[in-house]
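Since the structure is predicted, the reported quantities are computational estimates derived from the model, not experimental observations.
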Amino acid sequence: MIDREIRGGERAMKGADAALYNPRTVEEVFRDFKGRRTGMIKALTSDVEKFFQMCDPEKENLSLYGYPSEQWEVNLPAEEVPPELPEPALGINFARDGMAEKDWLSLVAVHSDAWLVSVAFYFGARFGFDKADRKRLFNMINELPTIFEVVTGTAKKQVKEKSSSNHGSNKSKSSSKARGSELHGRHSEVVQPKDEDEGLDEEEEDEREETCGACGGGGPSSLDEPWIFCDFCETWFHMKCVKMTPARAKQIKQYKCPSCSNKRARPD
């Protein structure tokens with residue numbers, strides 16, 4: 001019965017591709033989602049000229065389908081009513097010549113994102129995913145950029161901003177290191193507790209995410225705990241974990257953690 005869900009254009013898929021179309025676990029549904037997503041992204045990016053030509057406004061209601069095999073197709077909607085799977089947006093071709101190409105592609109991308117999620121959660125309902133499974137599936141999907149973000153370039157911008165944010169976080173660590181030098185040496189820091197009603201600024205929130213590179217314990221916001229920062233791998237360590245004292249740290253210009261110290265120089 002599940003094989004009948006190869007509706008519309010998917011009826012034409014080869015047997016090998018059709019075999020992929022039977023997702024029952026969260027991982028299988030996510031794999032199905034990624035395959036369809038990849039196919040639709042191809043249509044709207046690398047294969048965009050072909051996609052544009054296939055969406056002739058003179059033709060009937062056309063839809064963009066993505067398949068688990070990472071292929072795509074522009075086709076008429078499924079004949080059966082109701083269809084075995086949720087249907088993508090109909091009539092995408094009618095708007096092709098009525099708006100700027102990039103705006104049209106963005107519109108198709110938005111509807112494609114909506115279709116992918118609806119298909120994934122259709123399978124979730126069909127195979128009885130509970131609340132935990134649905135949440136896990138959503139989180140896995142949410143880790144990927146949307147088709148809209150890929151098509152509009154937003155995804156690249158977000159990666160660039162994240163990289164800049166990480167760079168800023170490194171600067172934050174350096175400034176924290178300097179502040180700590182007033183207490184326990186150039187590379188050490190003890191963060192004093194704040195009143196509960198005081199908010200944390202952005203830099204302090206970044207620091208709260210740090211963990212000790214040796215034991216994995218809480219970051220520089222841990223109370224009454226001396227820390228030291230490695231200038232080479234840019235990692236925080238509990239002083240006790242690397243057998244360092246505040247007095248000794250005060251004399252160090254550049255601290256190199258045990259791991260960095262043990263790395264042999266690469267031959268030229």
Side-chain angles (χ1 to χ4, degrees), residues 26-27 30 34 37 41 132 135-150 152-268:
V26 172
E27 288 73 21
F30 181 59
K34 288 199 299 182
R37 173 181 173 275
I41 287 176
K135 183 176 180 180
R136 187 154 64 94
L137 175 60
F138 176 79
N139 288 339
M140 293 167 73
I141 290 173
N142 202 39
E143 286 297 313
L144 297 173
T146 64
I147 296 178
F148 175 81
E149 288 172 336
V150 173
T152 60
T154 307
K156 291 182 178 179
K157 182 179 178 181
Q158 289 175 342
V159 170
K160 185 176 180 181
E161 288 176 348
K162 184 175 181 180
S163 176
S164 299
S165 176
N166 289 338
H167 181 67
S169 178
N170 289 338
K171 287 184 177 180
S172 169
K173 295 171 188 174
S174 298
S175 63
S176 298
K177 175 177 62 180
R179 290 198 303 270
S181 67
E182 298 175 3
L183 298 174
H184 293 288
R186 179 177 174 81
H187 298 276
S188 61
E189 177 180 6
V190 173
V191 181
Q192 298 299 330
K194 279 181 168 285
D195 293 335
E196 290 184 359
D197 58 348
E198 287 188 40
L200 294 175
D201 61 26
E202 186 174 343
E203 292 185 353
E204 289 171 324
E205 287 179 348
D206 287 340
E207 289 180 359
R208 289 181 69 90
E209 298 175 1
E210 294 295 334
T211 57
C212 175
C215 72
S221 58
S222 298
L223 306 181
D224 303 322
E225 183 75 58
W227 290 73
I228 191 163
F229 183 76
C230 177
D231 288 287
F232 295 85
C233 64
E234 298 186 339
T235 304
W236 285 99
F237 296 89
H238 291 121
M239 283 193 182
K240 64 181 181 181
C241 291
V242 291
K243 299 181 180 179
M244 176 64 64
T245 64
R248 184 181 170 193
K250 191 181 299 184
Q251 307 302 320
I252 298 174
K253 291 184 178 180
Q254 277 193 318
Y255 173 67
K256 182 182 287 189
C257 70
S259 177
C260 291
S261 298
N262 291 334
K263 289 180 180 177
R264 297 181 178 177
R266 294 182 178 178
D268 293 335

Across all chains, not counting sequence neighbours, the side chain to side chain contact (heavy atoms under 4.5 Å, CB included) partners of Phe232 are Cys230, Gln254, Lys256, Cys260
If I take atom OG1 from residue Thr152 and atom CD1 from residue Ile147, how far apart are they, to the nearest 0.5 angstrom? 11.5 Å
Between CD1 of Ile228 and OG1 of Thr245, what distance do you get to the nearest 0.5 Å? 8.5 Å
Apply salt bridge (Lys or Arg N to Asp or Glu O under 4.0 Å) to Arg248 and list each qualifying residue two or more places apart in sequence or on a separate chain. none
What's the verdict on side chain to side chain contact (heavy atoms under 4.5 Å, CB included) for Cys257 and Cys233, showing C-alpha distance, side-chain angles and the deciding distance? CA-CA 8 Å; Cys257 70; Cys233 64; 3.8 Å; yes
Which value, rounded to the nearest 0.5 Å, describes the distance between Leu144 atom CG and Lys34 atom NZ? 7.0 Å
To the nearest 0.5 angstrom, please state how far the CD1 atom of Ile141 sits from the CZ atom of Phe30. 7.0 Å
Describe, in one word, how the ring planes of Trp227 and His238 are oriented to each other, choosing from parallel (under 30°), tilted (30 to 60°) and perpendicular (over 60°). tilted
Answer yes or no: is there a donor N or O on one side and an acceptor on the other, between the side chain of Arg136 and the main chain of Glu27, under 3.5 Å? no
Which pair of non-hydrogen atoms, one from Ile252 and one from Met244, has the smallest distance, and what is that distance? CD1-CE, 3.5 Å
